[in-house]
There are 2 protein chains.
Amino acid sequence: MRIGELATETDVNIQTLRYYERRGLLTPPDRSASGYRAYGPDAVQRVRFVRRAQELGFTLQEIGDLLMLWKDSVRSCHAVEGRARAALTRINTKITDLKRMRSALGKYLVACEQRPALDECPLLRLLGGPGEDPS
Amino acid sequence: MRIGELATETDVNIQTLRYYERRGLLTPPDRSASGYRAYGPDAVQRVRFVRRAQELGFTLQEIGDLLMLWKDSVRSCHAVEGRARAALTRINTKITDLKRMRSALGKYLVACEQRPALDECPLLRLLGGPGEDPS
DNA sequence: ATAAACCCTGTACTATGGTACAGAGTCAAG
DNA sequence: CTTGACTCTGTACCATAGTACAGGGTTTAT
């Protein structure tokens with residue numbers, strides 16, 4: 001299997017596959033006599049692993065760690081759990097931040113909709129104004 | 001007021017202030033005879049506006065737009081509302097994505113904790129496994 | 001008058017996750 | 001046997017939001 005087929009199969013850009021290899025996420029495959037990458041069928045599995053892990057919120061760095069840990073699979077469960085917990089914490093933090101943003105922004109939008117006066121934008125006012133207008 | 005004082009006052013890095021100026025978020029201030037930026041007191045207000053807007057989830061691009069719109073403040077309320085709505089939509093999308101990640105990851109972690117068997121990590125198993133490494 | 005502290009521009013680098021392009025070599029079909 | 005599709009490496013570039021540094025000039029206090 002050459003890189004183009006792997007790309008089609010996994011729906012991942014060729015450049016991205018080579019990028020993953022550089023990042024250490026894909027094991028450098030055997031090469032044909034002319035230097036073409038020759039992937040075994042496992043490669044598809046591996047690429048999908050990477051994409052699934054990304055969907056779970058792991059960074060490429062963490063995914064690399066995960067793959068390292070996979071090598072001594074039996075003893076690494078604890079370490080993997082740690083990574084997952086770190087990802088979860090990060091996700092929770094982001095959700096909290098975003099919710100805070102959302103509620104603040106939501107308030108401003110309500111003010112905008114109610115249009116208490118016609119002459120100024122409540123959103124800009126509530127932001128304090130960029131300088132000409134002391135809030 | 002020179003740039004260092006503005007930086008201290010707003011708790012924003014000097015480099016960042018110059019970056020904001022390049023991005024068009026800060027009006028280029030007057031210069032002293034020797035070329036030093038000389039800010040008026042409004043500059044503090046302006047920098048704080050930028051930071052507050054960032055906290056609401058606006059990108060620097062959008063903040064730039066907001067500042068443009070501010071110029072014709074009366075007629076721009078609608079346009080501002082549009083930006084805010086875009087930011088809100090983006091925030092909601094992110095929250096949804098993150099919640100999906102969190103619930104998936106949470107399931108795996110539960111499996112990890114319950115440790116149904118001692119010999120393999122459920123998290124890696126549930127990810128499908130990275131493919132047996134031929135190395 | 002000299003040293004510390006400050007400021008200037010321009011450029012390059014950080015992290016994150018890729019994408020694009022140049023210029024060369026290789027493979028398969030007509 | 002040539003054309004088109006594919007692949008190779010290396011390098012540069014995209015967005016985002018900055019940060020750092022080199023190599024100068026300026027201001028201020030002693």
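Proteins get letters first, then strands, A, B, ... in listed order; numbering begins at 1 in each. If you're wondering where the values come from, they're calculated on a predicted model, not measured in any experiment. Heavy-atom basis, side chains included; hydrogens, waters and symmetry copies ignored.
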On the side chain of A:Y20, is there an atom forming a donor-acceptor pair with the base of C:dG17 - under 3.5 Å, no angle test?
no
Given C:dG17, C:dT19, C:dT9, the nucleotide with the shortest approach to the side chain of A:T16:
C:dT19
Less than 3.5 Å apart, any donor N or O on the side chain of B:R51 or B:Y20 sitting next to an acceptor on the other?
yes
Select from B:Q61 and B:R2 the residue whose nearest nucleotide in DNA chain D is closer to the 5' end of that strand.
B:Q61
A:E5 atom CD is separated from D:dA5 atom P, nearest whole Å, by 18 Å
How long is the line joining CD1 of A:I14 and P of C:dG17, in whole Å?
21 Å
Counting heavy atoms from C-beta on, name the nucleotide in D:dA17, C:dA20, C:dC7 closest to the side chain of B:I3.
C:dC7
Minimum-distance nucleotide (side-chain atoms of A:R22 versus C:dC27, D:dT9, C:dT19):
C:dT19
Gap between atoms CG and P, on A:L25 and C:dG17 respectively (whole Å)
10 Å
When rounded to whole Å, the OH to C1' distance for the pair A:Y19 and C:dA20 reads 15 Å
Given D:dC8, is OP1 or OP2 found less than 4.0 Å from the side-chain N or O atoms of A:S34?
no
Protein-nucleotide distance (B:Q15, atom CD; C:dG10, atom C1'), rounded to Å:
12 Å
Shortest side-chain distance from B:Y36, nucleotide among D:dC8, C:dC7, C:dG18
C:dC7
Hydrophobic clusters here meaning ILVMFWY residues chained together by side-chain heavy-atom distances under 4.5 Å, can you tell me if B:V12 and B:I14 are in one?
yes
Ignoring hydrogens, what is the shortest heavy-atom contact between A:L105 and B:A84? Give both atom names and the distance.
CD2-O, 3.7 Å
Quickly work out the B:R23 CZ to D:dT16 P distance and round it to whole Å.
7 Å
Whole angstrom value for the distance that separates P of D:dC8 from CG of A:L17:
10 Å
Regarding A:R100 and A:D97, does a basic nitrogen lie under 4.0 Å from an acidic carboxylate oxygen?
yes
Within the 4.0 Å heavy-atom criterion, would you say B:S32 contacts the bases, only the backbone, or no part of the nucleic acid?
nothing
Here's a test of your reading of the structure: between A:G4 and B:T59, which maps to the more 5' nucleotide of DNA chain D?
A:G4
Rounded to the nearest 0.5 Å, how far does CD1 of A:I91 lie from CE of B:M101?
6.0 Å
Would you mind classifying the nucleic acid contact of B:R51 as base, sugar-phosphate or nothing, using non-hydrogen atoms under 4.0 angstrom?
sugar-phosphate
Checking all strands, does B:R37 fall into the base, sugar-phosphate, or nothing category for heavy-atom contacts under 4.0 angstrom?
sugar-phosphate
Between atom CZ of B:R18 and atom OG1 of B:T16, what is the distance when rounded to the nearest 0.5 Å?
10.0 Å
On the nucleotide C:dT9, are OP1 or OP2 found under 4.0 Å from the side-chain N or O atoms that B:R18 carries?
no
Atom-to-atom span, CD of B:E21 to P of D:dT19 - whole angstrom
16 Å
Between A:A33 and A:V12, just flag the one whose closest nucleotide in DNA chain C comes earlier from the 5' side.
A:V12
